[in-house]
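Quick note: residue numbers are just sequence positions, from 1.
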Amino acid sequence: TYMISDEYLVYRFTRGTWPETIDYLANRDVHPPLWFSFFWLWRRIAGESDFAGRMQAILFSMMTLSVVYQLGKRWLGASRYGLFALILLAVGALFFRYSLEIRPYALALLLTSLSMLFFQRWLTRQTWRAAIPYAMTIAVMLYVHYFLLIFILTQVIYFLFQRPSRQLLKQGTGVALLAFLLWLPWFPSFITQFAHIRAVELASGDARG
């Protein structure tokens with residue numbers, strides 16, 4: 001396969017030093033830094049070819065399948081549900097596409113699957129010890145792609161529809177605070193990026209639809 005324009009931009013963003021990559025993302029782009037930092041290191045270890053670039057997405061996707069198996073097994077109580085979920089995801093066209101793309105999406109799929117696994121574990125055990133790893137997944141997701149906030153809000157809606165106890169509500173507040181504290185170092189850069197993309201959209205008018 002040949003690289004699309006967005007994949008080419010990944011190589012462009014990560015061609016300099018790591019501090020230069022972070023500075024570019026923070027001040028002249030709209031992406032969080034975690035996946036691009038990972039890819040900055042990956043290309044220096046695995047090589048510069050598009051084959052090497054796609055291998056990281058494939059590895060993340062294989063791990064995602066194993067996590068989805070565990071998620072289906074634990075949430076529904078039998079291994080056959082985990083196997084069904086794994087097969088259903090593996091044959092999906094979007095999953096196949098993103099499992100090859102040199103972009104953050106394969107990592108996003110892995111992180112959302114892990115987040116659901118820790119989310120289910122926390123709702124089952126209802127302890128602070130189970131809540132902390134879930135909070136960490138929220139912060140990490142926001143370091144990978146901002147649109148994952150939609151996924152997080154979906155979890156919040158599900159949580160509220162379960163009519164949580166006072167204990168769970170207290171833990172949920174703690175989860176939100178811990179996740180924000182972990183994301184706080186990047187928050188000023190997010191504000192800069194938000195102002196940047198707003199200026200670009202205002203300047204472009206309705207040209208982008």
State the CZ-CH2 distance between Arg44 and Trp18, to the nearest 0.5 angstrom. 12.5 Å

Heavy-atom nearest pair, Leu25 first then Pro32, reads CD1-O, 4.0 Å

Should Leu94 and Tyr105 be regarded as members of a common hydrophobic cluster, given that ILVMFWY residues are connected when their side-chain heavy atoms come within less than 4.5 Å of each other, either directly or indirectly? yes

Over all atoms of both residues, closest heavy-atom pair of Ile138 and Ile152: CG2-CD1, 3.6 Å

If hydrophobic clusters are built by linking Ile, Leu, Val, Met, Phe, Trp and Tyr wherever their side-chain heavy atoms come under 4.5 Å apart, do Met136 and Val156 end up in the same one? no

In terms of ring plane angle, is the pair His31 and Phe13 parallel, tilted or perpendicular, where the classes change at 30° and 60°? tilted

Yes or no on side-chain contact (heavy atoms from CB on, under 4.5 Å) for Glu48 and Arg15, after CA distance, side-chain angles and deciding distance? CA-CA 10 Å; Glu48 298 289 329; Arg15 64 187 174 185; over 6 Å; no

As an exercise, state the distance from CG of Leu168 to CG of Leu160, rounded to the nearest 0.5 Å. 11.0 Å

To the nearest 0.5 Å, how far apart are CD in Glu7 and CG in Asp50? 8.0 Å

Find out whether Phe119 and Tyr158 are in side-chain contact, i.e. whether some heavy atom of one side chain is under 4.5 Å from a heavy atom of the other. yes

Taken in chain and number order and not counting sequence neighbours, the residues that satisfy salt bridge (charged side-chain N to carboxylate O under 4.0 Å, His left out) with Glu20 are none

Roughly how far, to the nearest 0.5 Å, is the OH atom of Tyr134 from the OG atom of Ser115? 5.0 Å

Once salt bridge (charged side-chain N to carboxylate O under 4.0 Å, His left out) is applied, what residue pairs with a partner in residues 98-127 remain, sequence neighbours excluded? Arg97-Glu101

Which pair of heavy atoms, one from Ala135 and one from Val175, lies closest together, and at what distance? CB-O, 3.6 Å

Using ring-ring contact (aromatic ring centres under 6.0 Å, His included) as the criterion, list what pairs up with Tyr8, not counting sequence neighbours. none

Applying side-chain contact (heavy atoms from CB on, under 4.5 Å), run through Arg43 and Thr14 and close with a yes or a no. CA-CA 9 Å; Arg43 66 183 291 190; Thr14 58; 2.8 Å; yes

Is there a donor-acceptor pair under 3.5 Å between the side chain of Gln162 and the backbone N or O of Phe159? no

Provide the closest heavy-atom pair for Trp40 versus Thr17 in the form atom of the first, atom of the second, distance. NE1-C, 3.4 Å

Between Phe60 and Phe38, is the ring pair (Phe, Tyr, Trp, His ring centres under 6.0 Å) condition met? List the steps. CA-CA 12 Å; Phe60 282 138; Phe38 164 80; 5.2 Å; yes

Ignoring hydrogens and angles, tell me if any N or O in the side chain of Asp23 forms a donor-acceptor pair with the backbone of Pro19 under 3.5 Å. no

Heavy atoms, side chains only, cut-off 4.5 Å: are Tyr143 and Trp35 in contact? no

So how far is it from Arg28 CZ to Thr192 OG1, rounded to the nearest 0.5 Å? 13.5 Å

Determine whether a donor-acceptor pair (N or O, by modelled atom type, separation under 3.5 Å) exists between the side chain of Gln167 and the backbone of Gln126. yes

Just wondering, do Met62 and Leu59 contact through their side chains at under 4.5 Å, heavy atoms? no

Residues in ring-ring contact (aromatic ring centres under 6.0 Å, His included) with Phe51, at least two apart? none

Suppose the criterion is side-chain hydrogen bond (donor to acceptor under 3.5 Å, both in side chains): which pairs have a residue in residues 69-96, not counting sequence neighbours? none

Decide side-chain contact (heavy atoms from CB on, under 4.5 Å) for Phe180 and Leu177; before the verdict, give the C-alpha distance in whole Å, the side-chain angles of both, and the deciding distance to 0.1 Å. CA-CA 5 Å; Phe180 182 73; Leu177 289 174; 5.9 Å; no

Please report the closest heavy-atom contact between Asp29 and His196, naming both atoms and the distance. O-CD2, 4.2 Å

In terms of heavy-atom contacts, does CE of Met63 have more than 12 from other residues, nucleotides or ligands at under 6.0 Å? yes

Within the 4.5 Å heavy-atom criterion, are Ser37 and Thr21 side-chain neighbours or not? no

Are Trp42 and Met55 close enough that some pair of their side-chain heavy atoms sits under 4.5 Å apart? yes

Do Ile4 and Phe36 belong together in a cluster built from hydrophobic side chains that touch within less than 4.5 Å? no

For the hydrophobic clusters of this structure (ILVMFWY residues joined by side-chain heavy atoms under 4.5 Å, transitively), does one cluster hold both Ile191 and Leu181? yes

Leu153 with Leu178, same ILVMFWY side-chain cluster at under 4.5 Å: no

What pairs of residues pass the side-chain hydrogen bond (donor to acceptor under 3.5 Å, both in side chains) test when at least one of them lies in residues 168-191, not counting sequence neighbours? Trp122-Gln171, Tyr146-Trp186

Walk me through whether Leu111 and Phe151 qualify under side-chain contact (heavy atoms from CB on, under 4.5 Å). CA-CA 11 Å; Leu111 290 174; Phe151 177 82; over 6 Å; no

In Å, rounded to the nearest 0.5 Å, how long is the span from CG of Leu88 to CG of Leu83? 11.0 Å

Test of ring centre spacing under 6.0 Å for Phe39 and Tyr11: yes

Compare every heavy atom of Ala46 with every heavy atom of Ala52, then report the nearest pair and how far apart it is. CB-O, 3.6 Å

Heavy-atom check, side chain of Tyr98 versus side chain of Thr64, under 4.5 Å: no

